[in-house]
Colleague: 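Pasting a structure below so you can have a look.
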Amino acid sequence: MKKIFLAVALLAVGISTASAEWKIAGDKIRTKWAEEVTPSNVLPEYPRPQLVRNEWQNLNGLWNYAITEINAAQPTTFNGEILVPFALESALSGVQKPLNEKQLLWYEREFTVPSKWMSQRVMLHFGAVDWSADVYVNGVYVGGHTGGYTPFACDITAALNKKGAQKLVVRVWDPSEKGEQPVGKQLSKLGKIWYTPVSGIWQTVWLEPVSKLNHIESITPSSCLRHSDIIVKAKTAVCDGVVAVEVFDNGTKVGEGSAPCGTAVKIHIPNAKLWTPETPHLYDLKVTLKQNGKVIESVSSYTAMREVGKVRDQYGHLRATLNGKPIFMYGPLDQGWWPDGLYTAPTDEALAWDIQFTKDLGFNTIRKHIKVEPARWFYHCDRLGMLVWQDMPCGEQANKNTFSWSRHQINGGSDTELTEEFKRNYYKEWGEIMDFCNREMSNVVLSLDGRKEVHDRFRGVPGAFRKALEGVANCQAEGLKVGLRFTINKRNAVEVPKIFEILLWVCAIIPGVIFLFMKIKAKNHFQQLEQKRQRNASQIDNYLEQRVVVLQNCAKLLDKAIDLDKSTFENIAKYRSGNTGDSDVVRNELGGQIDNISRNINIAVE
């Protein structure tokens, strides 16, 4: 008992010491939640609400870190400690250092595995690492990933020691805009619309055990309002067994169903409550995997009765619908950057507050701008009632001098030429983002940001404009959520109707005419002001010259008055001393001098 108490005491001292040593880096602006962040309390919530396991271990906290040259071997010494999951450049990491394309970022920490997990498979999960990650456990390479916005997992079972501490090392390379990959708004040279780069681990890292026989890898829920069905598709590691789903409404079971692995489960929900931004009602799910009648595992999830679609209005225009009714979606172009955590919100409360504040402003939609948020952000959108338009992060425009998107040229110009490496990275990441976002209920539109990214599949293809629209329509008809933004250039301008082209020219010319008119009017106004200023300046100069002459005359008269005054007092002194001859003569002289003084003073005053 004494040994256990001593071990607990030492652990508490170790945590206290680590907390005391770590501090927020820099002195820049922080959110009010920054002070709540400590090494022992870093984003403790389960990070994947769409698929929740009861047993798990959070690896957020202090890790060792080192920055080396790009070709360096694994370091034996480290630069210090970093608070995971905050990016290297962030204040909350405690480091706030940049990383360039010729450097590597290394992470290291130790962890222990509960003994009861050793009979199962142990999965190591990363919410997101920007950009390229290689993972080693006890010196054994267990997996890697490229792409800064999507989760990945490694099965580390074979690399684990039978007991004791396990050593985890992660090697990261992130060239930011210097590389050939999507980066969103990250740029080493800040300014205009660009933000601080985000390198390394920026979402929660965690461990969880799964069965060696089989386990559930993902859950994708949907619904069919026509039949009042909830549909759940569970992807399993091995396509063997049965998936059973129970649906709960505030703890009360309202439906259940089952289907073989690989087949979607349909559950009828009587008197279903529809999800809307005003009434964001969610149903809880219990998903169970069985083989030969034996329960392999059970996980928790959630869903909603909701359908996103389209309908033509009285003018023949397509309108978005929610649950069969047209809906006007309005909201901000949300950047998702935090002053202290950069890509990562300081706390889960902060993450939810940002969404709630957007809703309090009267919006019902968030367009997430060229960044992908963690799974808990989408969960908060679901429970708070917020629709989401998801962008694909861009990349090539930030670092290429040849960026030449011709947005101002209808019948000319060209798009930026992309390298094959960038295209491969782009397609891979966009596919992973679509898979990830399609599992999140709140997503309405998965869009390519047309100001920066035009899907290369449609570049330079004859009839691309028409084919793109047909492709979107087909995807929507199949229930898929997809959006399209299109750049008009010399290769596809012929696809645009003539009236649309005329309207574009009118829209382009009118602002120019208005600007030219305002420019001419402003020029005339400034010319009038200059002429008035010159006239006023001439008048002021003449006035000042006259005043100078007057002052000079005053000075001369005052000097004369002073001389007369001096003579007068000398005569007064003689008169009083009795040295004068005729007092009347003296009095007359004094009177004359006094009169002269008065006249001189009057002249000076005038």
Side-chain angles (χ1 to χ4, degrees), residues 1-19 38-64 81 83-85 107-127 129 133 135-143 151-170 201 203-219 236-238 286-291 294-301 348 375-376:
M1 185 68 183
K2 290 182 178 179
K3 291 182 179 179
I4 295 175
F5 177 79
L6 179 61
V8 172
L10 290 173
L11 177 61
V13 170
I15 293 174
S16 176
T17 302
S19 299
T38 65
S40 59
N41 184 37
V42 189
L43 297 175
E45 297 80 12
Y46 189 84
R48 188 185 52 198
Q50 198 63 263
L51 197 168
V52 179
R53 290 189 170 92
N54 292 328
E55 288 190 89
W56 70 294
Q57 182 178 338
N58 195 335
L59 296 185
N60 292 344
L62 288 175
W63 296 39
N64 295 323
E81 291 182 313
L83 189 61
V84 170
Y107 293 86
E108 183 199 60
R109 68 157 292 162
E110 291 186 348
F111 64 92
T112 58
V113 176
S115 57
K116 62 179 180 179
W117 289 12
M118 298 307 290
S119 61
Q120 304 178 77
R121 308 205 74 82
V122 178
M123 304 299 294
L124 172 62
H125 293 271
F126 294 84
V129 181
V135 185
Y136 302 83
V137 174
N138 298 322
V140 179
Y141 178 72
V142 294
F152 67 97
C154 304
D155 185 342
I156 64 172
T157 309
L160 293 174
N161 297 325
K162 292 184 178 180
K163 60 180 179 179
Q166 316 286 343
K167 184 178 179 181
L168 171 60
V169 174
V170 181
I201 300 170
Q203 290 187 31
T204 293
V205 184
W206 79 100
L207 296 166
E208 59 185 12
V210 297
S211 171
K212 287 187 176 181
L213 297 175
N214 201 357
H215 66 274
I216 299 171
E217 292 185 336
S218 66
I219 294 174
T236 56
V238 180
K286 180 181 179 182
V287 184
T288 303
L289 175 61
K290 301 178 181 179
Q291 279 185 292
K294 180 182 177 181
V295 174
I296 302 299
E297 73 165 348
S298 291
V299 299
S300 301
S301 186
D348 192 63
R376 289 197 65 84

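Quick caveat, the model's predicted, so the values are computed rather than measured.
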Colleague: I need the minimum non-hydrogen distance between Arg48 and Trp206, along with the two atoms involved.
Modeller: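 Minimum heavy-atom separation between Arg48 and Trp206: NH1-CZ2, 4.0 Å.
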Colleague: Indicate whether any N or O donor in one side chain lies under 3.5 Å from an N or O acceptor in the other, for Glu55 and Trp117.
Modeller: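 Trp117 and Glu55 do have a side-chain donor-acceptor pair below 3.5 Å.
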Colleague: Mind checking the CE-OG1 spacing from Met123 to Thr157? Nearest 0.5 Å is all I need.
Modeller: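 So the CE of Met123 and the OG1 of Thr157 are separated by 7.5 Å.
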Colleague: When you compare the side chain of Leu207 with that of Ile156, does any pair of heavy atoms fall below 4.5 Å?
Modeller: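 With C-beta onward as the side chain, the pair touches.
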Colleague: If every non-hydrogen atom of Asp348 is compared with every non-hydrogen atom of Arg376, which pair is closest and at what distance?
Modeller: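 Heavy atoms of Asp348 and Arg376 come nearest at OD1-NE, 2.8 Å.
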Colleague: Asn138 side chain to Gln166 main-chain N or O, any donor-acceptor pair under 3.5 Å?
Modeller: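 Not at all, since once roles are kept as given, no pair shorter than 3.5 Å links the two residues.
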Colleague: Would you call the rings of Trp56 and Tyr46 parallel, tilted or perpendicular, taking 30° and 60° as the class edges?
Modeller: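 Perpendicular: the ring planes of Trp56 and Tyr46 meet at over 60°.
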Colleague: Rounded to the nearest 0.5 Å, what separates atom OH in Tyr141 from atom SG in Cys154?
Modeller: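 Reported value, rounded in 0.5 Å steps: 7.5 Å.
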Colleague: Evaluate the side-chain proximity of Pro114 to Gln57: yes if any heavy-atom separation is below 4.5 Å, no if none is.
Modeller: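 Result yes, sub-4.5 Å side-chain heavy-atom pair found.
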Colleague: Heavy-atom distance under 4.5 Å between the side chains of Arg53 and Glu297, does that happen here?
Modeller: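 Result yes, sub-4.5 Å side-chain heavy-atom pair found.
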Colleague: Measure the spacing between CG of Leu51 and CD1 of Ile216 and express it to the nearest 0.5 Å.
Modeller: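 It comes to 6.0 Å.
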Colleague: Between CD1 of Ile201 and OH of Tyr107, what distance do you get to the nearest 0.5 Å?
Modeller: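 One gets 5.0 Å once the value is rounded to the nearest 0.5 Å.
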Colleague: Determine the minimum heavy-atom distance between Ser298 and Val295, stating which atoms define it.
Modeller: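 Here Ser298 and Val295 meet closest at OG-CG1, 4.1 Å.
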Colleague: Considering non-hydrogen atoms only, spot the tightest contact between Pro44 and Asn58 and give its length.
Modeller: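 Heavy atoms of Pro44 and Asn58 come nearest at CA-ND2, 3.5 Å.
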Colleague: Mind listing the closest non-hydrogen atom pair of Leu160 and Met118 along with its distance?
Modeller: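 Scanning both residues completely, I find the closest heavy atoms to be CB-CE, 4.4 Å.
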Colleague: To the nearest 0.5 Å, what is the distance between CG on Leu124 and CZ on Phe152?
Modeller: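 It is 7.5 Å, given to the nearest 0.5 Å.
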Colleague: Could you pull out all residues at least two apart from Val42 that satisfy side-chain contact (heavy atoms from CB on, under 4.5 Å)?
Modeller: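 Val42 satisfies side-chain contact (heavy atoms from CB on, under 4.5 Å) with Asn60, Leu83, Pro85, Phe86 once adjacent residues are dropped.
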Colleague: Quick one: list whatever passes side-chain contact (heavy atoms from CB on, under 4.5 Å) with Ser211, sequence neighbours left out.
Modeller: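 side-chain contact (heavy atoms from CB on, under 4.5 Å) list for Ser211, sorted by chain: Leu213, Ile296.
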Colleague: Give, for atom OG of Ser300 and atom CG of Asn54, the distance between the pair rounded to the nearest 0.5 Å.
Modeller: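 Output value for this atom pair is 6.0 Å.
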Colleague: Can you see which heavy atom on Asn214 is nearest to which on Ala237, and at what distance?
Modeller: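 Smallest interatomic distance, heavy atoms only, reads OD1-N, 3.3 Å.
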Colleague: Side chains of Leu59 and Leu168: does their closest heavy-atom pair fall under 4.5 Å?
Modeller: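 Yes. Closest side-chain heavy atoms under 4.5 Å.
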